[in-house]
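Step one of this worksheet: look at the structure below.
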Amino acid sequence: MADTAMVLRTIARNVRAELSRRAQVSKGTLVALENMQGNPSLATLVRLADALGLAVSALLRGAPQEPVRVISAEAVPPLWTGARGGEARLLLTTPTPAPVEVWRWRLRPDEEYPSQAHQAGVVETVSVTAGCMTLIVGGGEHTVRAGQIAVFHGDTPHSYRGAGTGTCSLIMTVHLPADPASLA
């Protein structure tokens, strides 16, 4: 029995170290999450999900849901809150082999959210519904105004920044590559 416990401790330590390395998240953060402690940032959740080849929502998934759900966007807690009052809420993820996440964002003027590169094959769309934003992808800046949509590959570092004088509201979708296990 002592040998089994020692082997399990070794496996746990190695799994934690490898996930920490791949996700660029400290082992302490992983231990805190394992113990249901801490308050992981959106960036941490994205890094963990990418390292595991999952959607962020897969890390947040609870019990199976009813076939039809009606959800108030305000009832969904924000996963990112900016210093000026901006926020990002993950509204839903499609339960398909190639999941799509739907996010609602609000960015105040000059408020910025930098995102690391996601796993290969991720495509993002940004649909601005009010105001104006600057989308920064691979060092290039792109102005996206209300009524416009931007589509880009998310496997390069990118940022969203509020532009103009008012709040920018947008809907962002993250199209993830198909899970190979679900296609088998």
Side-chain angles (χ1 to χ4, degrees), residues 19-26 29-30 33 38-61 73 76-94 96-180:
L19 180 56
S20 174
R21 184 188 67 75
R22 287 185 186 192
Q24 298 176 349
V25 171
S26 75
T29 297
L30 294 176
L33 289 171
N39 187 15
S41 68
L42 175 56
T44 297
L45 293 176
V46 169
R47 285 194 300 271
L48 286 170
D50 283 348
L52 296 169
L54 299 171
V56 171
S57 60
L59 298 176
L60 303 169
R61 189 175 301 133
V76 176
L79 292 178
W80 172 79
T81 304
R84 296 183 175 157
E87 64 181 26
R89 295 172 191 253
L90 176 57
L91 300 178
L92 68 92
T93 301
T94 58
T96 58
V100 176
E101 296 178 346
V102 179
W103 293 78
R104 185 183 78 176
W105 284 76
R106 284 196 311 241
L107 296 167
R108 307 286 187 213
D110 296 320
E111 188 169 47
E112 186 169 335
Y113 177 79
S115 179
Q116 70 172 37
H118 302 301
Q119 61 182 306
V122 170
V123 175
E124 292 191 25
T125 65
V126 176
S127 176
V128 175
T129 58
C132 181
M133 71 171 290
T134 302
L135 174 64
I136 305 159
V137 180
E141 293 192 7
H142 310 273
T143 301
V144 187
R145 301 182 194 295
Q148 294 182 318
I149 299 170
V151 180
F152 64 97
H153 292 277
D155 57 1
T156 187
H158 50 282
S159 296
Y160 317 103
R161 183 172 58 225
T165 58
T167 298
C168 176
S169 297
L170 61 104
I171 300 296
M172 177 183 68
T173 61
V174 180
H175 304 257
L176 296 139
D179 176 7

Using modelled atom types only, decide if a donor and an acceptor are shared between the side chain of Ser127 and the backbone of Ile171 within a distance under 3.5 Å. no
CG (Asn39) and OG1 (Thr29) are apart, to the nearest 0.5 Å, by 11.0 Å
What are the two closest non-hydrogen atoms of Arg108 and Gly85, and how far apart are they? NH2-O, 3.7 Å
For a 4.5 angstrom cut-off between non-hydrogen side-chain atoms, does Thr125 reach Val151? yes
Testing the basics here: between Ser26 and Ser20, what is the closest heavy-atom pair and its distance to 0.1 Å? C-OG, 3.8 Å
Do Val144 and Cys132 have side-chain heavy atoms sitting under 4.5 Å apart? no
Backbone N or O of Ala83 within a donor-acceptor pair of the Glu111 side chain at under 3.5 Å? yes
Under the ring-ring contact (aromatic ring centres under 6.0 Å, His included) rule, collect the residues that match up with His118, sequence neighbours excluded. His158
To the nearest 0.5 Å, how far apart are CG in Leu45 and CG in Leu79? 6.5 Å
Partners passing salt bridge (Lys or Arg N to Asp or Glu O under 4.0 Å) against Glu87 (at least two apart in sequence or in another chain): Arg89, Arg104, Arg106
Could you check whether any side-chain heavy atom of Leu90 comes within less than 4.5 Å of a side-chain heavy atom of Val76, counting everything from C-beta outward? no
Quick check for you: to the nearest 0.5 Å, what is the distance between Glu124 atom CD and Leu176 atom CG? 9.0 Å
Just verifying a value: how many Å separate Met172 CE and Tyr160 OH, rounded to the nearest 0.5 Å? 4.5 Å
Within the 4.5 Å heavy-atom criterion, are Phe152 and Val126 side-chain neighbours or not? yes
Distance-minimising heavy-atom pair for Gly86 and Trp80: C-CZ3, 3.9 Å
Are Leu48 and Leu33 packed together at the side-chain level, in the sense that at least one heavy-atom pair is separated by less than 4.5 angstrom? yes
Find the distance between OH (Tyr113) and OG1 (Thr81) and round it off to the nearest 0.5 Å. 11.5 Å
Over all heavy atoms of both residues, which pair between Pro109 and Gly164 is shortest? Give the atoms and the distance, please. CB-O, 3.4 Å
Quick one: CG on Leu107 to OG1 on Thr167, what's the gap to the nearest 0.5 Å? 9.0 Å
Nearest heavy-atom neighbours spanning Gln119 and Asp155: O-CB, 3.8 Å
At their closest point, which heavy atom of Pro114 faces which heavy atom of Ser159, and how far apart are they? CA-OG, 3.4 Å
So, do Val128 and Gln148 sit near enough that their side-chain heavy atoms are less than 4.5 Å apart? no
Tell me whether the count of non-hydrogen atoms from other residues, nucleotides or ligands lying under 6.0 Å of NE2 in His175 goes above 12. yes
Per-pair distances, 0.1 Å, donor-acceptor, side chain in residues 134-143, under 3.5 Å, sequence neighbours excluded:
residue: Glu141; atom: OE1; partner: Arg161; partner atom: NH2; Å: 3.2
residue: Glu141; atom: OE2; partner: Arg161; partner atom: NH2; Å: 3.4

